[in-house]
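Report on one structure; see the data block that follows.
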Amino acid sequence: GQCLGGSTLLNIAISINLFDSNPGVLEQWKNRGADIESDDLRAAFDRVGKMLNIAEIPPDIGGENGRILFDGIASIDPKKEALYFQKNYLNCYGCGYCNWGCPYERKMSMLETYLPQAVHEFGVKIVANCKAVEIEKSGRRGRGVRCQYHGRELFVKADKIVVSSGTVASSVLLLDSGIGNNAGKFVSFNAATPITGVFDREINGFDGVQMASFVHMDGYLFESWFNPPMTQSVSMAGWFEEHFELLENYRKMGSIGIAMGTESNAEIVKSALVRNLLGAVKYRMSASDLARMKAAIVQLINLFFAAGAI
């Protein structure tokens, strides 16, 4: 997110504890050269959880769309269990506008938590609309960051530099700074696609948080997911009259997404010229990932029918 607070201001506030969801990933990171002490990481998760007020959402703000997974999963795979997400929020109204920055300031984003603390307790000065262009080095140590701010260049001198701009932007900054042999390589991400089902009753998926419940399947997640009308229409299949007629059933729609972690076969493009022309990410879905995604789509469609979709 290009805003103060970053993506935490605009995301859906889902907070997943690594040790609960995928503890084996630490061993994968270690094999890639990132050996992280698990006890230290667990303690960090606990500190952040308290600061952000992370807790499981109650069913009343999950809405009817969040119930679809509970209704359908027992029929297609009784061994799986639907659960409500844990989120960083406080007194959520369930307005359904998480992705647009909560208008009621109920999402515990960086804008509501760590940034005010940094300013008021530690005297940090925040410079918004300032783009980090390059980390300048002295030998093998960074000595500061060259930035662009409203058309002029700034240099921020620093003994320690934290790069925290997401996978793509962080990799681009490191590549442009000539740092790291493996920067931008072995990239994986969540490949996702939504499926919409129409029911013979009103679901009113807009009445609740955008993403409420999930099921851990074998190799991917099912996640309840809903949007205001304009954004929901973009994610739906169909053209012209067919699309218009489908959207007339907006109140009767349920929507669930598939989120699947990909293989580490993507790469951030090193050349700035090529990035500007063709985009920053070089990726082609592997045959095994494509097969998993196809199987997930079929299974999710069956779940919709089991939950009462027509």
Side-chain angles (χ1 to χ4, degrees), residues 1-11 16 18 22 24-45 47-48 109-111 114-115 118 122-191 261-286:
Q2 294 185 355
C3 52
L4 187 59
S7 59
T8 66
L9 184 67
L10 301 174
N11 65 21
I16 298 177
L18 184 67
N22 189 9
V25 77
L26 290 179
E27 189 65 28
Q28 298 174 28
W29 291 353
K30 184 177 181 180
N31 293 335
R32 299 285 189 190
D35 191 2
I36 299 175
E37 174 56 49
S38 62
D39 290 341
D40 291 344
L41 186 60
R42 189 186 296 274
F45 280 174
R47 289 196 303 272
V48 171
S109 69
M110 297 302 99
L111 188 61
Y114 281 101
L115 290 180
F122 301 100
V124 170
K125 181 180 180 180
I126 297 172
V127 182
N129 299 313
C130 184
K131 181 180 180 181
V133 176
E134 181 182 357
I135 299 171
E136 293 197 1
K137 306 179 296 295
S138 177
R140 292 179 58 84
R141 288 187 60 83
R143 69 182 191 92
V145 182
R146 187 164 56 83
C147 308
Q148 290 179 348
Y149 178 64
H150 290 296
R152 61 191 180 97
E153 188 170 296
L154 296 179
F155 181 75
V156 181
K157 186 177 179 180
D159 294 325
K160 295 182 179 180
I161 301 167
V162 177
V163 180
S164 180
S165 306
T167 301
V168 178
S170 294
S171 298
V172 167
L173 180 60
L174 293 174
L175 289 169
D176 288 348
S177 305
I179 297 175
N181 294 329
N182 288 327
K185 297 181 180 178
F186 311 114
V187 175
S188 64
F189 55 91
N190 279 341
T262 67
E263 296 179 15
S264 303
N265 63 326
E267 184 176 351
I268 307 302
V269 176
K270 188 172 184 179
S271 167
L273 176 61
V274 176
R275 288 200 304 264
N276 291 334
L277 291 173
L278 302 176
V281 182
K282 181 181 179 182
Y283 173 71
R284 180 182 293 272
M285 182 174 279
S286 69

Task: Verdict with supporting geometry, V281 and V187, side-chain contact (heavy atoms from CB on, under 4.5 Å) - done: CA-CA 9 Å; V281 182; V187 175; 5.7 Å; no

TODO: Could you walk me through whether F189 and T167 pass side-chain contact (heavy atoms from CB on, under 4.5 Å), step by step?
DONE: CA-CA 9 Å; F189 55 91; T167 301; over 6 Å; no

Open item on the list: Let's go through V168 and I268 carefully: what are the C-alpha distance in whole Å and the side-chain angles of both, what is the deciding distance for side-chain contact (heavy atoms from CB on, under 4.5 Å) to 0.1 Å, and is it a yes or a no?
Closed with: CA-CA 7 Å; V168 178; I268 307 302; 4.1 Å; yes

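For the pair Y114 and R47, the tightest heavy-atom approach, listed with the atom from each and the gap, is OH-O, 4.2 Å. Heavy atoms only, all atoms of each residue included: I161 and R143 are closest at CD1-N, 4.4 Å. Contact detail for V172 and R275: the closest heavy-atom pair is CG1-NH2, 3.5 Å. Scanning both residues, Y149 and N129, for their nearest heavy atoms gives CD1-O, 3.6 Å. When every heavy atom of N265 is checked against every heavy atom of Y283, the shortest pair comes out as OD1-CE1, 3.4 Å. Nearest heavy atom pair, residue T8 against residue G5, reads OG1-O, 2.6 Å.
By the 6.0 Å contact criterion, NZ on K30 is open, its count of non-hydrogen atoms from other residues, nucleotides or ligands being 12 or less. Crowding of D159 atom CG: a count of heavy atoms from other residues, nucleotides or ligands under 6.0 Å not exceeding 12.
Between the CD1 atom in I179 and the CD1 atom in I135 there is a gap of 4.0 Å [rounded to 0.5 Å]. The distance from the SG atom of C3 to the CG atom of L10 is 4.0 Å, given to the nearest 0.5 Å. The distance from atom NZ of K160 to atom CZ of R141, rounded to the nearest 0.5 Å, is 8.5 Å. The distance from the CG atom of L173 to the OG atom of S164 is 11.5 Å, given to the nearest 0.5 Å. If you take CG on L18 and CG on L41, they are separated by 6.5 Å, rounding to the nearest 0.5 Å. Rounding to the nearest 0.5 Å gives a distance of 11.5 Å between CG of L174 and CG of N181.
At distances below 3.5 Å, not a single donor-acceptor pair connects side-chain atoms of S171 with backbone N or O atoms of A183. A donor-acceptor pair is defined here as one N or O able to donate and one able to accept, closer than 3.5 Å; no such pair exists between the side chain of D176 and the backbone of V133. No donor-acceptor pair closer than 3.5 Å links the side chain of T262 to the backbone N or O of A191. Using modelled atom types, no side-chain atom of K270 and backbone atom of G184 make a donor-acceptor pair closer than 3.5 Å.
Listed by chain and residue number, R146 satisfy the salt bridge (charged side-chain N to carboxylate O under 4.0 Å, His left out) test with E153 (two or more places apart in sequence, or in another chain).
Here E267 does not pair with K282 in a salt bridge; the nearest charged N to carboxylate O distance is not below 4.0 Å.
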